[in-house]
Amino acid sequence: MPPLRIAVLVKGYPRLSETFIAQELLGLEARGFDLTIWSLRQPHDGAVHPMHRQIRAPVAYLPEYLYRAPLRVLRGALAALGRPGLWALLRLVRRDLARDCTPNRVRRLGQALVLARELPAEIGHIHVHYLHTPASVARYAALLTGRSWSASAHAKDIWTTPDWELAEKLDDPRLSFAVTCTAAGAARLREVATDPDRVSLVYHGLDLSRFPEAPAARPPRDGADPADPLRLVTVGRAVAKKGFDDLLDALAALPPDLHWRLAHVGGGEALASLRAKAASLGLSQKVIFLGAKPQPEVVALLREADLFVLPSKRAPSGDRDGLPNVIMEAASQGLAVVATDFAGIPEFLRDGVEGRLVPPGDWGALSNAINLLARDPAERARLAGAALARLRAEFGAEAGFDTVARLLGRAAGR
């Protein structure tokens, strides 16, 4: 039987911050799928993970700005004139514009017209990552061409998309299924869907075959020696929902007899303001901002660190994390974690069992948790060992790959 051909639509590709998408693409290719990747945006990171080089799927880029590709958009519009789904699409777009009359909505339509024209005829199904902008493009293209589509929802798309838009997408008759990566996200989507059974919980998990074994032991640093300070690491884009502003306040409140250094990995629009805040708090000599890094360099930092910290919280926009993959990556390297009891994090880490969890936005509690674990190497080792054991037992990626592959096969008629 020939491999199933599936179009995978993403917002941007490749992205250093989206290892969960890259590992799923590899998992699906290993299960015999013939994938093509369609991206709404060009890459901007300047580097890629080794995983990206292993993915065989070709990549096509839709026009990020319609005015820069007028002929592609025009050809897409002309091709749409002969399609039976055109009038249904125009009615849908009219309803959407009545509630969201923005340039972004118009861009979604233009990208969908291009996608509908350029998708090979033998590809009968579109799978999209994220339920906001990318899902609109997939939905419009599917309606116009008569294809089926499916969606993977993650975090921002679940919590910042209006209820009406989530509900209409989840109720779309051409939607085969939707999956999401946390129980909190699944509950939110099932709440707005007419048929909650269309939404499945599928943890990303971690493909442990792509990571080295955890170090057998770590130096018993306790922050008492200024010549050998405790090594803290945090990883994530510099955006509000990651809570790095709270982390800087927590570090500034640590006792002066605790000696430490923090390395932050990640890009993001708030990087300059975080650097300025670190300077204003007198932390410039203790905090280093490394920018975005490929996965091998991140793993090397995790292996050398003593404690991983990620104080996620709700952003003013409503955006929030799911279950950040980097927490599982830290666990894979036997590294103890301090995080917040928020979003999907407690679905993996239980306070006092696999990690230390504090209330989101409470930098005082965060500072206290860091201080206590910094001085207790034995407790860090206990928590790290429990997190690694749970990762291996319950959060491997293979089960998720199998579930998504089964759902895609069913959607494509296999």
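Treat the numbers as computed from the prediction; the structure is a model and nothing was measured.
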Roughly how far, to the nearest 0.5 Å, is the [atom2] atom of [Y] from the [atom1] atom of [X]?
X    : Y    : atom1 : atom2 : result
E168 : L175 : CD    : CG    : 13.0 Å
T145 : L86  : OG1   : CG    : 12.0 Å
M328 : F348 : CE    : CZ    : 7.0 Å
I123 : T36  : CD1   : OG1   : 3.5 Å
R188 : T182 : CZ    : OG1   : 12.0 Å
L262 : F289 : CG    : CZ    : 7.0 Å

Can you name the nearest heavy-atom pair linking [X] to [Y], along with the distance?
X    : Y    : result
A369 : V338 : CB-CG1, 4.1 Å
L230 : A374 : CD2-CB, 3.3 Å
V298 : K293 : CG2-O, 3.8 Å
L119 : A7   : CD2-CB, 3.7 Å
L4   : A412 : CD2-CB, 3.6 Å
V265 : G291 : CG1-O, 3.4 Å

- Query: Can you check side chain to side chain contact (heavy atoms under 4.5 Å, CB included) on D245 and K313, steps first, answer last?
  - Reply: CA-CA 11 Å; D245 54 340; K313 62 181 179 180; 3.2 Å; yes

| query | Is there a donor-acceptor contact under 3.5 Å linking the side chains of T160 and H132? | reply | no

Judged by modelled atom types alone, do S136 and Q111 share a side-chain donor-acceptor pair under 3.5 Å?
no

Heavy-atom side-chain proximity of [X] to [Y] below 4.5 angstrom:
X    : Y    : value
F244 : L310 : yes
L113 : L144 : yes
L247 : L366 : yes
P311 : V358 : no
S317 : W159 : no
L271 : R275 : yes
W260 : D306 : no
V287 : R261 : no

Under 3.5 Å, is there a donor-acceptor pair between the side chain of [X] and the main chain of [Y]?
X    : Y    : result
H44  : R15  : no
R218 : A305 : yes
E347 : A184 : yes
R320 : K241 : no
D341 : P359 : no
Y13  : A22  : no
D351 : L357 : yes
D207 : Q23  : no
H49  : L16  : yes
T340 : S312 : yes

The residue among W149, F177, W38 that forms ring pair (Phe, Tyr, Trp, His ring centres under 6.0 Å) with H127 is F177

Salt bridge or not for [X] and [Y], using N-O below 4.0 Å?
X    : Y    : answer
D321 : K242 : yes
D34  : R56  : no
R356 : E379 : yes
R392 : E213 : yes
R210 : E329 : no
R350 : E394 : no
R72  : E118 : yes
K277 : D249 : yes

- request: Report the relative orientation of the aromatic rings in H129 and H154; use parallel for angles under 30°, tilted for 30 to 60°, perpendicular for over 60°.
  value: parallel

Give a yes or no on whether [X] atom [atom1] has more than 12 heavy-atom contacts from other residues, nucleotides or ligands under 6.0 Å away.
X    : atom1 : value
R237 : CZ    : no
R174 : CZ    : yes
K156 : NZ    : no
E122 : CD    : yes
W363 : CH2   : no

Let me see the working for V128 and V137 under side chain to side chain contact (heavy atoms under 4.5 Å, CB included), right down to the final yes or no.
-> CA-CA 9 Å; V128 62; V137 176; over 6 Å; no

(request) Show the numbers, then the answer: is there a side chain to side chain contact (heavy atoms under 4.5 Å, CB included) between Y140 and L115? (result) CA-CA 10 Å; Y140 292 165; L115 177 62; over 6 Å; no

* Full working for salt bridge (charged side-chain N to carboxylate O under 4.0 Å, His left out) between E165 and R108 -> CA-CA 14 Å; E165 187 167 359; R108 298 180 200 188; 3.0 Å; yes

Exercise. Determine, step by step, whether L109 and L89 satisfy the side chain to side chain contact (heavy atoms under 4.5 Å, CB included) criterion, reporting the C-alpha distance in whole Å, the side-chain angles of both residues, the deciding distance to 0.1 Å, and the verdict.
Key: CA-CA 9 Å; L109 173 60; L89 172 62; 4.1 Å; yes

- Starting from the C-alpha separation in whole Å, work towards a yes-or-no answer on salt bridge (charged side-chain N to carboxylate O under 4.0 Å, His left out) for D195 and R198. CA-CA 6 Å; D195 181 4; R198 299 183 88 181; 5.0 Å; no

Between L383 and the options V353, V337, L373, the side-chain contact (heavy atoms from CB on, under 4.5 Å) test singles out L373

